[in-house]
Each structure stands twice: as C-alpha cells, then as structure tokens.
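What follows is one structure encoded as structure tokens, with my remarks underneath.
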Amino acid sequence: GLKGVFTPPSNLAYIGDSAFAGCTGITEVELQNKPMTVGTHIFEDCTSLQKVEIPIQDALKIGTGAFENCSGLMEVGLEEGLQYIGNSVFKGVGADTADGDAAKFYVIGAGTKDYSCLPKTITYIGDNAFQESFIKKMDLSSCTKLTKINKSAFTGADFQYGDDIDLSNLTDDQRENLYKEYTIVLPESLTSIGEEAFHKCGITYIDIPKSCTDIGKSAFSESYLIGMKLPNTITTIKEGTFYRCHYLYGTCLLYTSDA
C-alpha cells in the first residue's frame, strides 16, 4: 500500500469517498489543488498520518469524516476563507500520536503557534467535528464570525496538559490562569452551544461570552470543568447542563455582571 508522503497531482479535482481509508502507511498529505473536492471518510483510519494541509476554502468540498480516527495526526493546516468545520471531519484526531503530543491546528500561511487556531472565517463547528480528539489549547478569539458550536462538537475531546502540574500551593487566581492554558477560548460572536457540545470533555475552564444566549442540554455534562464564567444573558440552564461535573465548585461558577 501507499507509504510516506502522499501528493496527488496538481490537476486532480476530485478524490472519492473512502479512497484512502485505512491506508496506515501514509504519514503526510500534501493537497495542492485548492478547488479540489475530497469525499467522505477519504482518509479515515489512516492512523500513521501525522501532517496535512488542506488548501480548500469551500467547506462543502471536504467530506464528512474526512480525517476521522487519524489518531496520529499532529499538524493540520486549514485555509483562510473556510466557511465552517464539517461534521466529524476531525473526530478522533491526535488521540494516539507518536510522542504523546496533541494535534495542533493552524492557518496556512500564518505560521504555527504554541496553540491551535482555526480560520477567522468559520461560522460554525459541525456535529462531532472534534469528538474524542486530543488537541492543543484552541484559541478561537479571532474567529469573529463563529456563532455556533454544534451538537457533540467536542464530546470526549481532551486538551494537552503540562507535566506534573501542582495545584496545591496556588492561589485561586493562579489556578484560574493555569486552567485557561489548557482549554478552549471562545469568541465574542458565539451565540449558541449545542447539546452535549462538551460532554465528557477534558476542559478545566471556560468563559462563556456575553453574546451566547443558548446552551443546549447536557452541554458540559461529565466534563472536567473546575471553573467557568457565565454571562447574565443566559436566562435558562437546561436539563443536564452540568450533570456530574464533580470538580466544579460553586465558588468557581461565576456570573459576569457587564453583559
């Protein structure tokens, strides 16, 4: 089977569904044709795949589950102009990387950072998009068009932690700052968090922006939240929202007063 770097011809316009699914010898994918369309589950279960750049702006041309269960994936480059992250596209990525490092997302041409970021142009994150993934801290603060995080988008996902973190001698403020280093930063444009969006997620802290008025059922159930902030624009807390959040202390569940 295929091994090493896979570089399709620059004039290739379409790769069909599941075309390379289970090709465990592929370590890197270099897509050269920006108008290219890739089918559903095209690289699913390519567990040795470590790096890919996707120079596609039309999200409709990236099939559902395109990189699902690429558990060794460490670097993912996305094109500025991409409208959204599709359903299950990155489900399970980074879950079993070679050196235990988490997957990092970056914008092509903008350089890589110590954390993950997505194109500023995305408007929503689809169902199960990052479910059960292992990723570096994701900073979405620059995604000013992002309004929705859909159902189960980050269910079971985990964020890379530092080694041997000792919380015992830290003040509350120091702990809060530490938690923020291993979480997801939401943009001020966000209006909706879907059902089970962060269910069983490894986030320890989250700051819900004042733009958000809708949080779905069980959105944070069984997560590892230790602290969070809710805006006073939230008028309803739905069934199971914080169900079995055993680490969430009442003193760390704060309502902002400037919403």
Side-chain angles (χ1 to χ4, degrees), residues 1-8 14-31 36-56 59-79 82 84-106 108 116-119 122 124-138 149-161 184 194-203 222-224:
L2 287 172
K3 292 184 178 181
V5 180
F6 171 62
T7 307
Y14 176 75
I15 304 177
D17 298 349
S18 303
F20 298 99
C23 290
T24 56
I26 298 177
T27 58
E28 186 174 342
V29 174
E30 296 179 348
L31 301 177
M36 176 182 288
T37 298
V38 296
T40 61
H41 306 286
I42 178 175
F43 293 108
E44 183 178 357
D45 294 323
C46 290
T47 53
S48 296
L49 181 61
Q50 297 179 12
K51 183 177 180 180
V52 61
E53 285 199 344
I54 310 169
I56 299 173
L60 287 172
K61 293 184 176 182
I62 304 174
T64 298
F67 297 92
E68 186 171 343
N69 294 331
C70 290
S71 56
L73 198 54
M74 296 178 65
E75 293 187 19
V76 182
L78 299 173
E79 186 78 4
L82 187 69
Y84 59 86
I85 306 297
N87 295 348
S88 302
V89 171
F90 299 112
K91 181 180 178 180
V93 302
D96 188 24
T97 54
D99 61 358
D101 206 5
K104 179 168 59 177
F105 291 79
Y106 64 94
I108 297 172
S116 290
C117 55
L118 300 178
I122 64 167
Y124 71 87
I125 296 175
D127 296 357
N128 314 100
F130 296 100
Q131 182 175 346
E132 297 172 356
S133 60
F134 181 42
I135 54 184
K136 286 187 179 292
K137 170 185 174 179
M138 182 170 282
I149 295 176
N150 284 3
K151 182 179 179 179
S152 301
F154 290 93
T155 289
D158 207 354
F159 294 84
Q160 188 169 26
Y161 279 59
I184 182 169
E195 184 177 330
E196 295 189 350
F198 294 95
H199 171 64
K200 290 188 176 180
C201 184
I203 55 171
E222 299 184 64
S223 69
Y224 285 81

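These values consider heavy atoms only, across backbone and side chains, with no hydrogens, waters or symmetry-generated copies. Predicted, not measured: the structure shown is a model, and the values here were computed from it.
One finds the CG atom of L60 at 9.5 Å from the CD1 atom of I62 (value rounded to the nearest 0.5 Å). In this structure, the separation between NZ on K137 and CD1 on I184 is 11.0 Å, given to the nearest 0.5 Å. Atom SG of C70 is separated from atom CG of D45 by 7.5 Å, given to the nearest 0.5 angstrom. Between the CG atom of L73 and the NZ atom of K51 there is a distance of 11.0 Å, given to the nearest 0.5 Å. Between atom CD of residue Q131 and atom CG of residue N87 there is a gap of 11.0 Å, rounded to the nearest 0.5 Å. Note that the OG1 atom of T64 and the CG atom of D17 stand 9.0 Å from one another [nearest 0.5 Å].
When atom types are taken as modelled, the side chain of S48 and the backbone of I26 share no donor-acceptor pair closer than 3.5 angstrom.
In this structure, the side chains of I15 and F20 come closer than 4.5 Å at one or more pairs of heavy atoms. A 4.5 Å side-chain heavy-atom check between Y224 and I203 finds every atom pair outside the cut-off. Within the 4.5 Å cutoff, the side chain of F134 has no heavy atoms near those of the S71 side chain. F130 has its side chain out of reach of I149: every pair of non-hydrogen atoms, C-beta onward, lies at least 4.5 Å apart. Residues L82 and I54 have side chains not in contact (no heavy-atom distance under 4.5 Å, counting atoms from C-beta outward). Under the 4.5 Å side-chain criterion, counting only non-hydrogen atoms from C-beta, M36 is not in contact with K61. Under the 4.5 Å side-chain criterion, counting only non-hydrogen atoms from C-beta, I125 is in contact with L118. Between F6 and L49, the closest side-chain pair of non-hydrogen atoms is not below 4.5 Å.
Using cut-offs of 30° and 60° on the angle between ring planes, the pair Y84 and Y124 is parallel. Taking the six-membered ring where tryptophan is involved, the planes of F90 and F67 are essentially parallel, since the angle between them stays under 30° and well short of 60°.
The shortest non-hydrogen separation linking E30 to P8 is O-CD, 3.2 Å. Between K91 and E132 the shortest heavy-atom distance is CE-OE1, 4.3 Å. When all heavy atoms are compared, the tightest approach of G22 to C46 is N-SG, 4.1 Å. Minimum heavy-atom separation, G86 to A129: O-CB, 3.7 Å. Pairing each heavy atom of P55 with each of E79, the nearest pair is CA-OE1, 3.6 Å.
With sequence neighbours left out, the ring pair (Phe, Tyr, Trp, His ring centres under 6.0 Å) criterion links Y106 to no other residue. K136 meets the side-chain contact (heavy atoms from CB on, under 4.5 Å) test with D101, A102, K104, S116, Q160; sequence neighbours excluded.
No side-chain donor from either of E196 and H199 sits under 3.5 Å from a side-chain acceptor of the other.
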